[in-house]
Trainee: 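To start, I am sharing the structure in question, which I have written as structure tokens.
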Amino acid sequence: MNEVMLTLMTYLLGQSLTISSMTSHVRTPNNPHLPLHCDTPGLTPFRSESIVANCNFAFDDYTKENGCLAIIPGTHRLGRNPTSDEGNPHTNPFVVPVEVPIGSAIVYHGNTWHGAFKREAPGVRLNLAVFMARNYITRQERIKENVTPEMIERNGERFARLCSQFEFNGYEEDGPDFARAAKFIGALIDPRFG
């Protein structure tokens, strides 16, 4: 529910954004580099607007030696994934290491080419990657099904929206829940006529 992250993600994805996954990435000296790639799923050419976006919270200092995020600014405009020749963060001359202190948040458009450098320092580098998507993109994790009423009560309606609690498609023989549909951002359904 970090307001800065939500503001930036809403700018990229619109009011109907949902959480797709929350994952920690652990970089150790045993890991190879993570090749450059995009997070936009299965569309070629990519749409210019972001349909997915990422926020990386740095739980350790991000330095190149620590295996930080590698990114090529502006590649979100190319509308494609990098080729295998373009994908090595250690050899691509356009790669920028994202070096930030612990506690930083790095937000980027889902079309942006990114990866990670091989960690050269001893120890681990840890982050939390919050991956969000527009509401019509299938979530990576079963977020909606695992949210408890206590979580919603503690975090409020915005949290419920982020966790797809007002999603109304996927109904069975009982039909759609029009009261739920009316809370769905962008819905044109009046629950009185359900």
Trainee: Determine whether F131 and M5 fall in the same hydrophobic cluster, where Ile, Leu, Val, Met, Phe, Trp and Tyr are linked whenever their side-chain heavy atoms lie under 4.5 Å apart.
Mentor: no
Trainee: Side chains of N135 and T18: do they bring a donor and an acceptor to under 3.5 Å?
Mentor: no
Trainee: Any donor and acceptor pair, going by atom type alone, linking the side chain of E99 with main-chain N or O of K64 inside 3.5 Å?
Mentor: yes
Trainee: Say whether, by atom type as modelled, one donor and one acceptor occur between the side chain of T112 and the main chain of T75 under 3.5 angstrom.
Mentor: no
Trainee: Could you tell me the separation between the CG atom of N81 and the SG atom of C38, rounded to the nearest 0.5 Å?
Mentor: 4.0 Å
Trainee: Between CE of M151 and OG1 of T148, what distance do you get to the nearest 0.5 Å?
Mentor: 5.0 Å
Trainee: Is the shortest heavy-atom distance from the side chain of V124 to the side chain of R27 under 4.5 Å?
Mentor: no
Trainee: Apply side chain to side chain contact (heavy atoms under 4.5 Å, CB included) to residues F117 and L34 and explain how you reach the verdict.
Mentor: CA-CA 6 Å; F117 291 100; L34 177 64; over 6 Å; no
Trainee: Starting at CD of E145, measure out to OG of S164 and round the result to the nearest 0.5 Å.
Mentor: 8.5 Å
Trainee: Any heavy-atom pair between the side chains of P29 and E120 that's under 4.5 Å?
Mentor: no
Trainee: Could you pull out the closest heavy-atom pair between A129 and H25, with the gap in Å?
Mentor: CB-CE1, 3.4 Å
Trainee: With a 4.0 Å cut-off, would you call E150 and R154 a salt bridge?
Mentor: no
Trainee: How many angstroms lie between CG in L12 and OG1 in T10, if you round to the nearest 0.5 Å?
Mentor: 9.0 Å
Trainee: Any Lys/Arg nitrogen of E65 or K118 sitting under 4.0 Å from an Asp/Glu carboxylate oxygen of the other?
Mentor: no
Trainee: Same cluster for V130 and L13 if Ile/Leu/Val/Met/Phe/Trp/Tyr side chains link at under 4.5 Å?
Mentor: yes
Trainee: Mind running side chain to side chain contact (heavy atoms under 4.5 Å, CB included) on F159 and V147 for me, showing each step along the way?
Mentor: CA-CA 10 Å; F159 175 79; V147 171; 3.9 Å; yes
Trainee: Applying the 4.5 Å side-chain criterion to the ILVMFWY set and letting contacts propagate, would V52 and M132 be lumped into a single cluster?
Mentor: no
Trainee: Is the side chain of N127 donor-acceptor paired with the backbone N or O of S24 at a distance under 3.5 Å, no angle test?
Mentor: no
Trainee: Main chain of A121, side chain of R119: is a donor-acceptor contact present, judged purely on distance under 3.5 Å?
Mentor: yes
Trainee: In terms of relative ring orientation, are H109 and H76 parallel, tilted or perpendicular, with 30° and 60° separating the classes?
Mentor: tilted
Trainee: Begin from the C-alpha positions of I19 and C163 and carry the test side chain to side chain contact (heavy atoms under 4.5 Å, CB included) through to its verdict.
Mentor: CA-CA 6 Å; I19 300 170; C163 295; 4.1 Å; yes
Trainee: Is there a donor-acceptor contact under 3.5 Å from the side chain of N92 to the main chain of P89?
Mentor: no
Trainee: Is any side-chain heavy atom of L6 closer than 4.5 Å to a side-chain heavy atom of L162?
Mentor: yes
Trainee: Look only at the side chain of N66 and the backbone of R125, and say whether a donor-acceptor pair between them is shorter than 3.5 Å.
Mentor: no
Trainee: Does one hydrophobic cluster hold both V98 and F59, with members joined at side-chain heavy-atom distances below 4.5 Å?
Mentor: no
Trainee: Could you pull out all residues at least two apart from R139 that satisfy salt bridge (charged side-chain N to carboxylate O under 4.0 Å, His left out)?
Mentor: E167
Trainee: Apply salt bridge (charged side-chain N to carboxylate O under 4.0 Å, His left out) to residues R80 and E86 and explain how you reach the verdict.
Mentor: CA-CA 12 Å; R80 65 176 178 85; E86 297 167 318; 2.9 Å; yes
Trainee: Assess, by modelled atom type and distance only, whether the side chains of H114 and D39 contain a donor and an acceptor separated by less than 3.5 Å.
Mentor: yes
Trainee: For the residue pair P73 and I71, what are the closest heavy atoms and their distance?
Mentor: CD-O, 3.6 Å
Trainee: Tell me whether L126 shares a hydrophobic cluster with L128, the cluster being built from Ile, Leu, Val, Met, Phe, Trp, Tyr side chains joined at under 4.5 Å.
Mentor: yes
Trainee: Between S21 and T23 (side chain of the first, backbone of the second, donor and acceptor by atom type, cut-off under 3.5 Å), is there such a pair?
Mentor: no
Trainee: Measure from the side-chain N and O atoms of Q165 to the backbone N and O of K144, and report whether any donor-acceptor pair falls under 3.5 Å.
Mentor: yes
Trainee: If you round to the nearest 0.5 Å, how far is OG of S50 from OH of Y108?
Mentor: 11.0 Å
Trainee: Answer whether the closest heavy-atom distance between the side chains of V95 and L36 falls below 4.5 Å.
Mentor: yes
Trainee: Once you round to the nearest 0.5 Å, how far does OH of Y62 lie from CD1 of I106?
Mentor: 5.0 Å
Trainee: Is there a side chain to side chain contact (heavy atoms under 4.5 Å, CB included) between I51 and F46 once you walk through the steps?
Mentor: CA-CA 9 Å; I51 62 168; F46 297 157; over 6 Å; no
